[in-house]
Amino acid sequence: MAQLSEETPAARLLAGAVRDGICPGAAWAVGDATGTLHEGTAGLLDPARPGEPVRPDTLYDVASLTKILAVWGVVGTLVDAGKLDLAAPLGTYWPAAAGRPVGDVTAHQLLTHTAGMPLRANLRFLYGSDPQDVRDGVLAEPLRHRPGAAVAYTDRAALVLGWLAEHLAGRPLARLAGERVWGPLGMAGTRFGPLPPGEAARCAPTEYDEETGRHLRGTVHDFSARLLGGACGIAGVFTTSGDTGRFLRGVLDPPPGTFSAAWTAASLRVGTGALVPPRGLLWHPAPGPSPAGGVWAHFGFTGTAMWVSPARGRWAVLLTNRLYVTRDPGPLARVREAFRAHVFEGS
């Protein structure tokens with residue numbers, strides 16, 4: 001049974017982060033393969049509505065956690081089913097990639113951020129606003145370096161992986177995620193945006209948008225995802241701390257009908273050899289004093305984070321909308337690291 005607690009070090013830490021103006025509010029949870037052990041909330045849903053606190057069902061724009069919650073999970077089901085060979089060049093089985101620079105890249109290189117793709121998305125600036133033109137432009141873009149030669153994080157890797165999954169399965173990424181990952185894991189509150197009005201009302205707002213004259217709420221913050229209709233491999237997922245916990249519990253102990261334990265094991269180990277920084281399959285070792293301590297992580301630009309450690313049998317999630325306050329990632333990064341230490345090191 002999960003315990004809501006204001007006495008744990010993590011709860012005090014996040015209450016302090018809200019008090020110090022680092023983020024308007026936060027929702028968090030910690031658990032193991034059996035379920036949620038501790039969870040809590042802090043602060044306000046929206047500073048413009050001071051009477052409404054963050055609740056356990058508050059929805060957050062989780063930004064790049066989409067890469068794990070949707071792309072990584074769906075790709076795992078394709079690998080498990082024998083429909084995707086991670087070592088085969090994309091151009092040998094995906095006509096859209098054949099004869100283009102990305103055709104020489106493997107799915108494994110995309111998953112480990114070693115494909116050599118450009119670092120920035122810059123989709124509208126480079127390719128315009130038509131989704132097909134964007135897709136063609138991304139797939140035709142020259143590589144920065146030979147595939148497999150270096151590690152460099154880029155949103156384009158997950159974007160291409162999402163398109164690849166759609167090609168192999170014949171359905172949109174949003175539908176694939178719901179059918180293959182979120183449904184089997186019981187993540188009933190998770191979806192790609194834009195959110196309908198009722199769900200948007202319980203969504204934590206992010207950055208002030210000059211075009212609309214208000215903070216984004218229920219519409220994805222990431223501009224590339226907005227350009228592509230709100231759902232792509234880069235970003236677009238809205239979820240709760242509880243649903244993210246259900247996903248992470250599944251990473252520790254995958255139930256039938258979703259990605260396998262073999263996929264999780266392959267993903268949560270270094271797949272980049274001697275290259276630095278080390279990477280798993282879309283996951284990365286958690287920053288900290290002991291990166292070899294078996295804790296894996298992924299972060300989101302809006303102020304979100306998840307961690308999982310099969311070695312320690314523990315997972316954790318921290319969702320905030322720090323982007324409402326500032327684009328400076330430093331203050332929340334320090335809170336995030338302290339939160340990880342409390343959960344996984346007991347400090």
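Side-chain atoms are counted along with the backbone in the values below, which use heavy atoms only and exclude waters and symmetry mates.
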| field | Between Asp32 and Thr34: side-chain donor-acceptor atoms closer than 3.5 Å | value | yes
| request: Consider only side-chain N and O atoms of Asp57 and Thr240, and report whether a donor and an acceptor are under 3.5 Å apart. | output: no
| What do the steps show when you test Leu139 against Val160 for side chain to side chain contact (heavy atoms under 4.5 Å, CB included), and what is the final call? | CA-CA 8 Å; Leu139 296 179; Val160 173; 4.3 Å; yes
| field | Verdict with reasoning, Ile68 to Leu65, per side chain to side chain contact (heavy atoms under 4.5 Å, CB included) | value | CA-CA 5 Å; Ile68 299 294; Leu65 298 196; 5.7 Å; no
Can you tell me how far the [atom1] atom of [X] sits from the [atom2] atom of [Y], to the nearest 0.5 Å?
{"X": "Cys23", "Y": "Arg336", "atom1": "SG", "atom2": "CZ", "answer": "12.0 Å"}
{"X": "Leu323", "Y": "His215", "atom1": "CG", "atom2": "NE2", "answer": "9.5 Å"}
{"X": "Phe247", "Y": "Met306", "atom1": "CZ", "atom2": "CE", "answer": "6.0 Å"}
{"X": "Trp28", "Y": "Phe339", "atom1": "CH2", "atom2": "CZ", "answer": "6.5 Å"}
{"X": "Leu78", "Y": "Leu176", "atom1": "CG", "atom2": "CG", "answer": "7.0 Å"}
{"X": "Thr8", "Y": "Leu13", "atom1": "OG1", "atom2": "CG", "answer": "9.0 Å"}

| Passes side chain to side chain contact (heavy atoms under 4.5 Å, CB included), Val105 versus Leu110? Steps please. | CA-CA 7 Å; Val105 168; Leu110 290 171; 3.8 Å; yes
| query | What residue pairs, at least two apart or across chains, pass side chain to side chain donor-acceptor pair (under 3.5 Å) with a residue in residues 114-124? | reply | Thr112-Thr114
Looking only at heavy atoms, what is the nearest atom pair of [X] and [Y], with distance?
{"X": "Pro255", "Y": "Gly250", "value": "CD-CA, 4.2 Å"}
{"X": "Trp296", "Y": "Val270", "value": "CH2-N, 3.7 Å"}
{"X": "Val74", "Y": "Ala165", "value": "CG1-CB, 3.9 Å"}
{"X": "Pro101", "Y": "Pro142", "value": "CG-CA, 4.0 Å"}
{"X": "Thr326", "Y": "Asp328", "value": "OG1-N, 2.9 Å"}
{"X": "Gly31", "Y": "Arg314", "value": "O-CD, 3.0 Å"}

If hydrophobic clusters are built from ILVMFWY residues whose side chains come within less than 4.5 Å, do [X] and [Y] share one?
{"X": "Leu216", "Y": "Leu332", "value": "no"}
{"X": "Trp163", "Y": "Leu111", "value": "yes"}
{"X": "Phe238", "Y": "Phe192", "value": "no"}

| field | Side chain to side chain, Leu86 and Val79, heavy atoms closer than 4.5 Å | value | yes
| Do Leu164 and Leu90 have side-chain heavy atoms sitting under 4.5 Å apart? | yes
Just by distance, do the side chain of [X] and the backbone of [Y] share a donor-acceptor pair under 3.5 Å?
{"X": "Arg202", "Y": "Gly198", "answer": "no"}
{"X": "Asp222", "Y": "Ala225", "answer": "yes"}
{"X": "Arg249", "Y": "Ala33", "answer": "yes"}
{"X": "Arg312", "Y": "Phe344", "answer": "yes"}
{"X": "Trp182", "Y": "Leu69", "answer": "yes"}
{"X": "Arg226", "Y": "His221", "answer": "yes"}
{"X": "Thr239", "Y": "Thr190", "answer": "no"}
{"X": "Thr206", "Y": "Tyr324", "answer": "no"}
{"X": "His113", "Y": "Tyr153", "answer": "no"}
{"X": "Ser309", "Y": "Gly294", "answer": "yes"}

Is the shortest distance from a Lys or Arg side-chain nitrogen in [X] or [Y] to a carboxylate oxygen in the other one below 4.0 Å?
{"X": "Glu179", "Y": "Arg171", "result": "yes"}
{"X": "Asp61", "Y": "Arg217", "result": "no"}
{"X": "Arg340", "Y": "Glu337", "result": "yes"}
{"X": "Glu207", "Y": "Arg322", "result": "no"}

| field | Audit row: Asp155, Lys67, side chain to side chain contact (heavy atoms under 4.5 Å, CB included) steps and yes/no | value | CA-CA 9 Å; Asp155 282 340; Lys67 296 174 174 68; 2.9 Å; yes
| remark: When Val343, Val295, Leu37, Leu252 are each screened for side chain to side chain contact (heavy atoms under 4.5 Å, CB included) with Trp315, the one that passes is Leu252
| field | Chi angles and distances behind the side chain to side chain donor-acceptor pair (under 3.5 Å) call for Arg180, Thr77 | value | CA-CA 7 Å; Arg180 292 170 173 251; Thr77 67; 2.9 Å; yes
| query | Is it true that His284 and Phe299 have ring centroids separated by less than 6.0 Å? | reply | yes
| Check: Trp72 ring centroid to Phe259 ring centroid under 6.0 Å | yes
| Counting heavy atoms not belonging to Arg55, are there more than 12 under 6.0 Å from its CZ? | no
| query | Other hydrophobic cluster members with Val18, side-chain heavy atoms of Ile/Leu/Val/Met/Phe/Trp/Tyr under 4.5 Å, chained? | reply | none
